[in-house]
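Please read the structure below before turning to the comments.
In what follows, chains are A, B, ... by sequence order, proteins preceding strands, each numbered from 1.
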Protein chains: 2
Amino acid sequence: MSKAGQTRGRGRPRKFDERAVRQTIMETFWQKGYAATSLDDLSKATGLVRPSLYAAFGNKEAMFLRAMDDFVIRVQGDLAQQIPRDATPEEALRAVYMAMLAIYRDEPLEQARGCLVFSTAVAAAPLHPEIRSRLMQRVTQTDAQFRRLLNHLAPDTAEDTRQAAAELAAATLHSLGLRVRAGTDPADLSRFAQRAARSISLLLQR
Amino acid sequence: MSKAGQTRGRGRPRKFDERAVRQTIMETFWQKGYAATSLDDLSKATGLVRPSLYAAFGNKEAMFLRAMDDFVIRVQGDLAQQIPRDATPEEALRAVYMAMLAIYRDEPLEQARGCLVFSTAVAAAPLHPEIRSRLMQRVTQTDAQFRRLLNHLAPDTAEDTRQAAAELAAATLHSLGLRVRAGTDPADLSRFAQRAARSISLLLQR
DNA sequence: CTTTTATTGTGCGATTCGGTATAAAATAAA
DNA sequence: TTTATTTTATACCGAATCGCACAATAAAAG
């Protein structure tokens, strides 16, 4: 495995930056998906020969699972930065969707990659139980995060209404990733996200 | 290509039923996705040797595009049968989601396949422009169908409210396919669908 | 029967697949 | 310097990949 700290270790030193390589692996899977990404693709993209990839990260499935984790960390980081702590539900949802849109569109590169988890892992799920299980985790966690957000921003709304609103908020996110990957025009995407944020916030006001 | 009618044609007769083979091709892609399905997989599943597949349906991408079309025809057929012509918006949406759930779960086989288009083509989209374009078509058409449905069942609701509701209805469908493929429990899926139908119909009542 | 047309079956062909064995290279520890 | 440890580089494995020649086969048309 890998040494965490900056201690030099014992044998021949690595000539690659593990974090940069993980980033590249993530981006390769993100664009091509699991099945269509070969180890040669990863090798070429990272500059590492295949045995080095194996030694550092395990087999292809392990690399993909790690890429999913790295993707989630990236998403959570961006969201934590960009969601206002105190705002109306509509403002908060809009902030979430705009931040996710920036990621899904891979700005400023404008690559229209969608979501590594919802648009890519989903296709690999039936043949790869571990990927399916990780995907399930993400769906559940996303639901829970929206529920917590609405619990905080709309505490007076009835419990079941908040539950329904949180699920619609998650569904909107799933749809957003899909629409980006389908190639929807950026202006249309923004309007879609804003209308959804508005509608869901209206639901909470009953 | 193929002769449509029952005219016997001229050369050696085919020993396969084209519709049954197309059905099998569709189901294979549906489960495994585009990239992970090999021509050998299709050959074994259909019983046709590879040259016969090529002669009848073209290359792998052409087969997948055809499978997308066949899938859509299947979905539209089921929906046309099972959506009540006159119903409340909530009833209609529930009927749509329950019918789609039956397809996504591949009942009565209980395979949890999700949506061939939204859960499978989406992963292949960036590397295959034709698939991406077909996917985009489907997203657009689905939006339009929900809009028409709500135009018919809630004609007195404001135009922009209907638009927003239709988009949320489509997003719910996208999410439903994803959740099925992630392995969500059937009872949870039903509740999710029913809550969404109820929430969206409430939106229309403003 | 002979010719024409369409499909099937065998097999190849060049490439790519995921994964690994093995040796060379580069460093730290003894 | 010697030894231990780790990474890199080369080469290879058998299997699978998509796609296609080519001949055998089966029917209709002449």
What pairs of residues pass the side-chain hydrogen bond (donor to acceptor under 3.5 Å, both in side chains) test when at least one of them lies in residues 108-124 of chain A, not counting sequence neighbours?
-> A:Arg105-A:Glu110, A:Asp106-A:Arg113

Residues that B:Arg162 engages under salt bridge (charged side-chain N to carboxylate O under 4.0 Å, His left out), provided they are two or more places apart |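 Salt bridge (charged side-chain N to carboxylate O under 4.0 Å, His left out) list for B:Arg162, sorted by chain: B:Glu159.
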
Without decimals, in angstroms, what is the distance between [X] [atom1] and [N] [atom2]?
| X | N | atom1 | atom2 | answer |
| --- | --- | --- | --- | --- |
| A:Glu61 | C:dG19 | CD | C1' | 14 Å |
| B:Phe57 | C:dA6 | CZ | P | 17 Å |
| A:Tyr54 | C:dT22 | OH | C1' | 17 Å |
| A:His128 | C:dG18 | NE2 | C1' | 12 Å |
| B:Asp17 | C:dT7 | CG | P | 14 Å |
| A:Leu53 | C:dT20 | CG | C1' | 14 Å |
| B:Leu48 | C:dT7 | CG | C1' | 11 Å |

Can you say whether the rings of A:Trp30 and A:Phe71 are parallel (under 30°), tilted (30 to 60°) or perpendicular (over 60°)?
-> perpendicular

Working to the nearest 0.5 Å, report the span between CG of A:Leu53 and CG of A:Asn59.
->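 One gets 11.5 Å once the value is rounded to the nearest 0.5 Å.
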
Closest to the [X] side chain, choosing from [options]:
| X | options | value |
| --- | --- | --- |
| A:Phe16 | D:dG19, C:dT8, D:dT8 | D:dT8 |
| B:Lys60 | D:dG19, C:dG19, C:dT10 | D:dG19 |
| A:Pro51 | D:dA9, C:dT8, C:dT27 | D:dA9 |
| B:Arg50 | D:dG19, C:dT10, D:dT10 | D:dG19 |

Nucleotides 3-5 of chain C: which of its N/O atoms have a protein N/O under 3.5 Å away?
unit_1: C:dT4; atom_1: O3'; unit_2: B:Arg10; atom_2: NH2; d: 3.4

Those residues that, when tested against B:Phe29, pass ring pair (Phe, Tyr, Trp, His ring centres under 6.0 Å) (two or more places apart) =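 Once residues adjacent in sequence are excluded, the partners of B:Phe29 under the ring pair (Phe, Tyr, Trp, His ring centres under 6.0 Å) criterion are B:Phe64.
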
Is there a side-chain contact between A:Thr46 and A:Phe16, using heavy atoms and a 4.5 Å cut-off?
-> no

What residues, two or more places apart in sequence or in another chain, satisfy side-chain hydrogen bond (donor to acceptor under 3.5 Å, both in side chains) together with B:Arg50?
->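 By the side-chain hydrogen bond (donor to acceptor under 3.5 Å, both in side chains) rule, B:Arg50 matches B:Asp40.
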
Tell me, yes or no, whether the heavy-atom count around A:Arg94 atom CZ, taken from other residues, nucleotides or ligands under 6.0 Å, exceeds 12.
->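 No, CZ of A:Arg94 has 12 or fewer neighbouring heavy atoms, counting only those of other groups under 6.0 Å.
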
Consider only side-chain N and O atoms of B:Gln141 and B:Arg138, and report whether a donor and an acceptor are under 3.5 Å apart.
-> yes

Residues touching DNA chain D, which here means a heavy atom under 4.0 Å, drawn from residues 30-45 of chain B | B:Thr37, B:Ser38, B:Leu39, B:Asp40

Counting just side-chain N and O atoms, does A:Ser52 come under 4.0 Å of either OP1 or OP2 of D:dT8?
-> yes

Reckon A:Lys15 has a side-chain N or O less than 4.0 Å from the OP1 or OP2 of D:dT6?
-> no

